[in-house]
Q: 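Sharing a structure below in structure tokens format, with a few things to ask.
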Amino acid sequence: MKDLIWKKDGKGERADPAIMAFLAGEDVLLDRDLLLFDLEASAAHVKGLRRIGILNTEESSRLLDGLQLIESEFRDGTRELDNHFEDGHSAIESWLTEMLGEVGGKIHTGRSRNDQVAVALRLYMKDRLKRLQAICTQIASVLLRRVKTEADIPMAGYTHLQSAMPSSVGLWLAGHAEAFIDNAELAALTTHWLDASPLGTASGFGVNLNLPRKAVAKDLGFARLVVNPQYVQNSRGKVELQALSVLSACTLDLRRLAWDMSLFTTQEFGFVKLPAKYCTGSSIMPNKNNPDTIELLRAVHAVVQGAQSEIASVLSLPSGYQRDLQATKAPLMRAFSKALQALGLLPGLLTGFEWQTERMCESISPEMLATDRALEMASKGIPFREAYKAAAVEGEKISAEKIAQSLASRVSPGGCGQLETGLLQSRLSALKN
Ligand code: ARG
């Protein structure tokens, strides 16, 4: 471990490797994913210090060049953030000092690792929510594109997993598309909600320097400030939970979609054929072709839920910075990394699978027309309850024309005959702009 930045004579001399390893935990490794945001915020802080005359032009440009060099070396892998350091925040100062001498020690004027980590995390969440929003709109686009050509393919509709009414591929696709449009909107709203800069609040009490907080926030692309220094710390974990709640909405929908697909690929349903690359064989049963990818996609929601509950459990704290807050970082990052990876596979999967249309038509039996029949009678003036009793439809088979008629007659807005994809499409376009 390098010298600790906070170590001064007579303090910290008993630094014990086992205790230091416990305190830093996996922190320094997680900070690899935060480092670029930390460097960005550090550069904005340097410019802020220059504005108020704490740094002169020469000092600030040396520091900015140093930060730039660290960034490019970190990106190309020649500079590594490893457990020689307590965390990414102190690594930056330590690298600058190594590179530039005394001036490196000036970068921390007026900031604390407490606001440093908070700003890096807000930038991280904004970035990940932006990626999430893009993936959700991509998923919805793929689904709506398929609606254009496949809307009228018949598919049995189920409630209680029991045959209910004739339904369509269009209804299924558009239903999942609407879910991901909602999720993309949630991501946008949440980004707006957390788009506030904590930088310049230092350890949680403000500082006796007139830091240009607003200008620094603007420089970093934040819409506003988290004004109160105490609230910067108290909002840690709370903001993470909100970001995770968007992620959780996405993986909940992912789980339901994966559930559908896993049912549809069974021999019993036989509605869907998956491209071979999403499946694996069995080590013992030569006949097997298993939809493992879909099952692991279904399992991702558990990771997000676990992260939410881990963070919520940490947040039993008094006001101000407590080191416990560090423990909110790993679950946040673990969940985003797993879920974005999983959701990123969906556009390909949703483009690639094929419907087994013949089998899907066979899954529709005549008695599934009973509701249509009852409503038809009711529309001619028979009280619905009477029509309900008289509506049984018998027979062995149902013709393709009859199914098509049933689907086309479902004209209530959103129904199989009136999917209203135009409404979904315009919400989607608004999200892309
Ligand atoms: N790794 C720490 C965290 O995530 C950084 C802040 C450390 N601050 C402190 N006062 N020790 O909370």
Side-chain angles (χ1 to χ4, degrees), residues 1-8 11-42 45 74 81-96 105 107-128 194 197-207 226 228-244 307 310-337:
M1 167 101 44
K2 296 253 165 143
D3 271 354
L4 299 162
I5 51 168
W6 43 263
K7 191 168 183 283
K8 51 186 177 112
K11 189 179 159 199
E13 61 207 345
R14 285 191 301 264
D16 176 301
I19 295 173
M20 285 315 296
F22 172 71
L23 288 176
E26 52 181 341
D27 209 44
V28 76
L29 305 176
L30 293 169
D31 282 358
R32 288 178 182 169
D33 271 349
L34 281 187
L35 196 80
L36 292 174
F37 301 112
D38 204 347
L39 288 167
E40 191 187 340
S42 297
H45 181 65
F74 179 72
L81 180 59
D82 54 27
N83 47 17
H84 284 97
F85 299 97
E86 191 182 358
D87 53 32
H89 320 300
S90 38
I92 293 175
E93 183 177 329
S94 172
W95 284 328
L96 286 172
I107 192 171
H108 214 57
T109 315
R111 80 171 176 185
S112 150
R113 281 179 295 167
N114 298 355
D115 62 338
Q116 199 179 347
V117 64
V119 71
L121 280 165
R122 292 245 182 181
L123 289 171
Y124 169 90
M125 285 183 268
K126 277 179 67 176
D127 176 81
R128 295 309 193 259
L194 59 76
S197 173
L199 192 55
T201 56
S203 47
F205 313 98
V207 288
V226 185
N228 186 286
Q230 173 181 276
Y231 182 59
V232 164
Q233 298 310 320
N234 291 5
S235 67
R236 257 190 94 183
K238 171 183 165 184
V239 177
E240 282 78 346
L241 278 178
Q242 213 53 42
L244 282 179
E310 196 174 333
I311 292 179
S313 314
V314 170
L315 294 185
S316 173
L317 297 170
S319 285
Y321 180 78
Q322 326 291 334
R323 190 70 183 261
D324 312 49
L325 291 170
Q326 176 174 300
T328 61
K329 202 157 68 172
L332 173 82
M333 298 175 96
R334 191 190 318 123
F336 265 96
S337 124

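Just so it is clear, the structure is predicted and the values come from calculations on it, not from any experiment. Start at 1 and go down the list; that is how both ligands and their atoms are numbered.
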Q: Are side-chain heavy atoms of Arg236 and Val117 found at a separation under 4.5 Å?
A: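 Arg236 vs Val117: side chains touch.
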Q: Taking Ser319's backbone N and O only, do any of them form a donor-acceptor pair with Asn234's side chain (distance below 3.5 Å, no angle check)?
A: no
Q: Tell me whether Glu26 is salt-bridged to Arg334, with the criterion being a basic N under 4.0 Å from an acidic carboxylate O.
A: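 So Glu26 does not pair with Arg334 through a salt bridge.
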Q: Could Glu86 and Arg113 be called an ion pair, given the rule that one side-chain N must be under 4.0 Å from one carboxylate O?
A: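 Yes, Glu86 and Arg113 are salt-bridged.
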Q: Any side-chain to backbone donor/acceptor pair from Arg122 onto Ser197? Under 3.5 Å, distance only.
A: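 No; judged by distance alone, with no hydrogens or angles, the pair does not exist.
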Q: Could you go through ligand 1 and list every pair where one of its N or O atoms sits under 3.5 Å from a protein N or O, giving the atom names and the distance to one decimal?
A:
from     : atom 1 : to     : atom 2 : distance (Å)
ligand 1 : 1 (N)  : Asp27  : OD2    : 2.7
ligand 1 : 1 (N)  : Gln326 : OE1    : 2.9
ligand 1 : 4 (O)  : Arg236 : NH2    : 3.0
ligand 1 : 8 (N)  : Asn114 : OD1    : 2.9
ligand 1 : 10 (N) : Asn114 : OD1    : 3.1
ligand 1 : 12 (O) : Arg236 : NH1    : 2.8
ligand 1 : 12 (O) : Tyr321 : OH     : 2.6

Q: Is the backbone N or O of Leu325 less than 3.5 Å from a side-chain atom of Gln233, with the two atoms forming a donor-acceptor pair by type?
A: no
